[in-house]
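Step one of this worksheet: look at the structure below.
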Amino acid sequence: MVQLLDDNKLLELRHSAAHIMAQAVLKLFPGTKLGIGPAIEDGFYYDFLLPDNKSLTQEDLLQIEKEMGKIVKSDQPFTKEVLTFEGALEMFKTQPFKLEIIRSLNNDSQTESLNRDLDLEQEIDDVTDISIYRNADSFFDLCKGPHVKSTSQVKAFKLLKVAGAYWRGNEHNQQMQRIYGTAFFAEKDLAEYLNRLEEAEKRDHRKLGNDLDLFHFPSEIGAGLVLFHPKGARVRLQLENFSRERHLKSGYEPVWTPHVSKQELFETSGHLGFYKDNMFPSMEREGSTYYLKPMSCPFHVLIYKSSLRSYKELPLRLFELATVYRFERSGVLHGLARLRALTQDDSHIFCTKEQLEQEICSIIDFMLEVLQTFGLTEFEADLSTRPDKFLGDVKDWDFVTESLESALKKSNIPYRIAEGEGAFYAPKIDIHLRDAIGRKWQLSTVQVDFQEPQKFDIEYIGKDNARHRPYMIHRALFGSTERFLAILLEHFSGALPTWLCPVQVSVLPVNSNHEDYALKIKAELSSKDISTEIRFADMPLGARIRNAKLEKIPYILVVGDSDIKNRTVGINLRGSKDPIRDIDLDRFFNIVESDIVDKLVEPKIQV
RNA sequence: GCCCGAGUAGCUCAGUCGGCAGAGCAUCGCAUUCGUAAUGCGCAGGUCAGGAGUUCGAUUCUCCUCUCGGGCUCCA
């Protein structure tokens, strides 16, 4: 998983593999128009427009892979040639997409934004120098390089999937065929990567949700809508209880708002202007029009506005676990990670200009502290700055962006600046998480909004006895309860920390003579709010243990004659191979209780 | 929404070049009462996602719809 090779070398290799792939596609499908073909985090891709708009199939990929093998074998050296603008136009006269890139290279003002649109760093980042890389008389590609010395170095590669992708990432443009592949210097690195993909598949929360009987997505209720089963609902109940508790402890005030509202509210907030496509259609009754809420902020603003606020009340932190409804486009739905009805751990913080930076700092501290409870420690942040189209005053933008950046610096989270990727009304920080197998998930978001306070005309009375406009911070920590649960399931591969497990203890009497003892243990545990089940002796012990293990239950107790006599239990601890026998019953109670109270990531027993 | 692919029992999947639909696990019944990852036997379980078309006959071929998967776009 850890990439020992220099990253740049790996990017060179993968970008070279992309060239080889393009060469192979041109050979198999003459007349193909080339788009772009960069190296990416786990491999590379190349976009093609095939003759007659042909789509590629899995079989085509195998053919292309074969052809690539031939190119690799024939050991073609990569050579760089520098061209004039006119020379480049001539050279690529049959490649309209390349011509578009070349023309933009010649036009400084456009280059920067095109570069950003296309993620073209690999292709172009030096406007004065148009170069190509050639590795055969017949094949060359517009490219800044660098490349590996020869095609023969690209030994360990594999084409993975084919997908549609819009030219320049714009859905109004031509849709091309994108082939994804990956390449490594050593076969064993490739094998390890493919292995990791398999591992990821095993951890898929949609599969785990099914296997562990947590939730399902019945088609009759519609896409992007989920039903939580008793076990899944237990998990989210624990998550939500924990979230509420932590918020209240940290100075957030609970609020509660309805799921629908008259359209007037969303007109004032502007949602019906800029978010309507993502809202469920309207409902009419008694001459009024209602909408399901896609966000809670307008409601929270009304709560703020319900009385005249003093600076002494600020920062005012309103918090709600709110289910919101968003009509996401069908193609983006993805298990619990992208739903049409989701529950945000949503907060809106109203504060003064002077408080802003400190408030952002404490939000980030709070977030990290809460997330560390789950054993999550690897975070990365994006600071998204002012986009080309924006509302408000540049001075405001600069001030707020600086506050966000300065808070990030203090928090010690590694971050990058996402230039121009802010929402049009506000800059934001997004926090991403690396999970147990290195995948990136988007989690929390912090946005500073100076539009909505204005739209609703909210104010506070300052020390100076004058009216001022507060800043409003939108903030979600888990993002959504459902998505956070998906992340946890995948991160822990279904083996959730005991405090979140729907069944925390399973008691297995060896035979029916031991049932009373098992029942007594269950009663005792239940009185301590520990979720416990009994698996009676109508199946062989081995089978009961196996099933309980497959359900990833943290504590599987086996009780027999000697246990009754000595008031002990045998424990099969999740994650340990061998059972631990003869643990005193009271000691066991202490062990589970402190596991749950301390929110251990994995159950532990000191023998 | 767009491109590609998929949908067969509760689950995992086989199968039908167009001719009465198959397995394992789970469920249910009977027997088994067991000290650490699968006890045995039996019963039952299906509008082959839904609709339309072609055909003597469609789960199989064609079209439409729904849902899911991988991408693109989007992600206030």
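A note on names: the letters A, B, ... follow the listed sequences, proteins ahead of strands, and every chain is numbered from 1.
- Set against B/C11, B/G1, B/U67, the side chain of A/N210 has B/C11 as its closest nucleotide.
- Between the base of B/C74 and the side chain of A/R326 there is no donor-acceptor pair shorter than 3.5 Å.
- Spacing of P atoms, B/G1 relative to B/A38, comes out at 47 Å, to the nearest Å.
- Relative to the ring axis of A/F44, A/R14 does not place its NZ or CZ within 45° and under 6.0 Å from the centre.
- The interatomic distance linking A/N278 (CG) with B/C74 (P) rounds to 12 Å, in whole Å.
- Within the 4.0 angstrom heavy-atom criterion, no nucleotide atom of any strand lies near A/H474.
- One finds a salt bridge joining A/E359 and A/R317 here, because a Lys/Arg side-chain nitrogen approaches an Asp/Glu carboxylate oxygen to under 4.0 Å.
- As a whole-Å value, the separation of A/I556 CD1 from B/U36 C1' is 9 Å.
- The residue A/K549 sits close to a base: some heavy atom pair falls under 4.0 Å.
- Rounding to whole angstrom units, CZ of residue A/F217 and C1' of B/C68 are separated by 11 Å.
- For the pair A/R340 and A/F327, the cation sits on the ring face: its NZ or CZ lies under 6.0 Å from the ring centre, inside 45° of the axis.
- With hydrogens and angles left out, the side chain of A/R329 and the base of B/U73 share a donor-acceptor pair within 3.5 Å.
- Put simply, CG on A/L333 is 17 Å from C1' on B/A6, counting in whole angstrom units.
- We find that CD of A/Q442 is positioned 13 Å from C1' of B/C74, with the value rounded to whole Å.
- In this structure, A/D211 places its CG atom 8 Å from P of B/U12, rounding to the nearest Å.
- Here B/G71 is the nucleotide among B/C74, B/G1, B/G71 with the atom lying nearest to any side-chain atom of A/Y180.
- Salt bridge A/D561/A/K565: absent, no basic N to carboxylate O contact under 4.0 Å.
- In the set B/C72, B/U36, B/C3, B/C72 carries the atom at the smallest distance from any side-chain atom of A/A165.
- Relative to the ring axis of A/F456, A/K305 does not place its NZ or CZ within 45° and under 6.0 Å from the centre.
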Could I get a table of every N or O pair under 3.5 Å where one atom is in the protein and the other is in nucleotides 30-35 of chain B?
from, atom 1, to, atom 2, distance (Å)
B/U33, O2, A/S512, N, 3.2
B/U33, O2, A/A537, O, 3.3
B/U33, N3, A/A537, O, 3.1
B/C34, OP2, A/N511, ND2, 3.1
B/C34, N4, A/A537, O, 2.7
B/C34, N4, A/M539, N, 3.3
B/C34, N4, A/M539, O, 3.2
B/G35, O6, A/G560, N, 3.2
B/G35, O6, A/G560, O, 3.4
B/G35, O6, A/D561, N, 2.7
B/G35, O6, A/S562, N, 3.1
B/G35, O6, A/S562, OG, 3.4
B/G35, N1, A/D563, OD2, 2.7
B/G35, N1, A/R581, NH2, 3.3
B/G35, N2, A/D563, OD2, 3.3
B/G35, N2, A/R581, NE, 2.6
B/G35, N2, A/R581, NH2, 3.3
B/G35, N3, A/R581, NH2, 3.4

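- Side chains of A/I36 and A/W167 form a contact here, defined as non-hydrogen atoms less than 4.5 Å apart.
- A salt bridge does not link A/E41 with A/K440: none of the charged nitrogens is closer than 4.0 Å to a carboxylate oxygen.
- Residue A/A543 places its side chain closer to B/U39 than to any other of B/G71, B/C72, B/U39.
- With rounding to whole Å, A/M176 atom CE is found 16 Å from B/C3 atom P.
- At least one side-chain nitrogen or oxygen of A/R206 sits closer than 4.0 Å to the OP1 or OP2 atom of B/G69.
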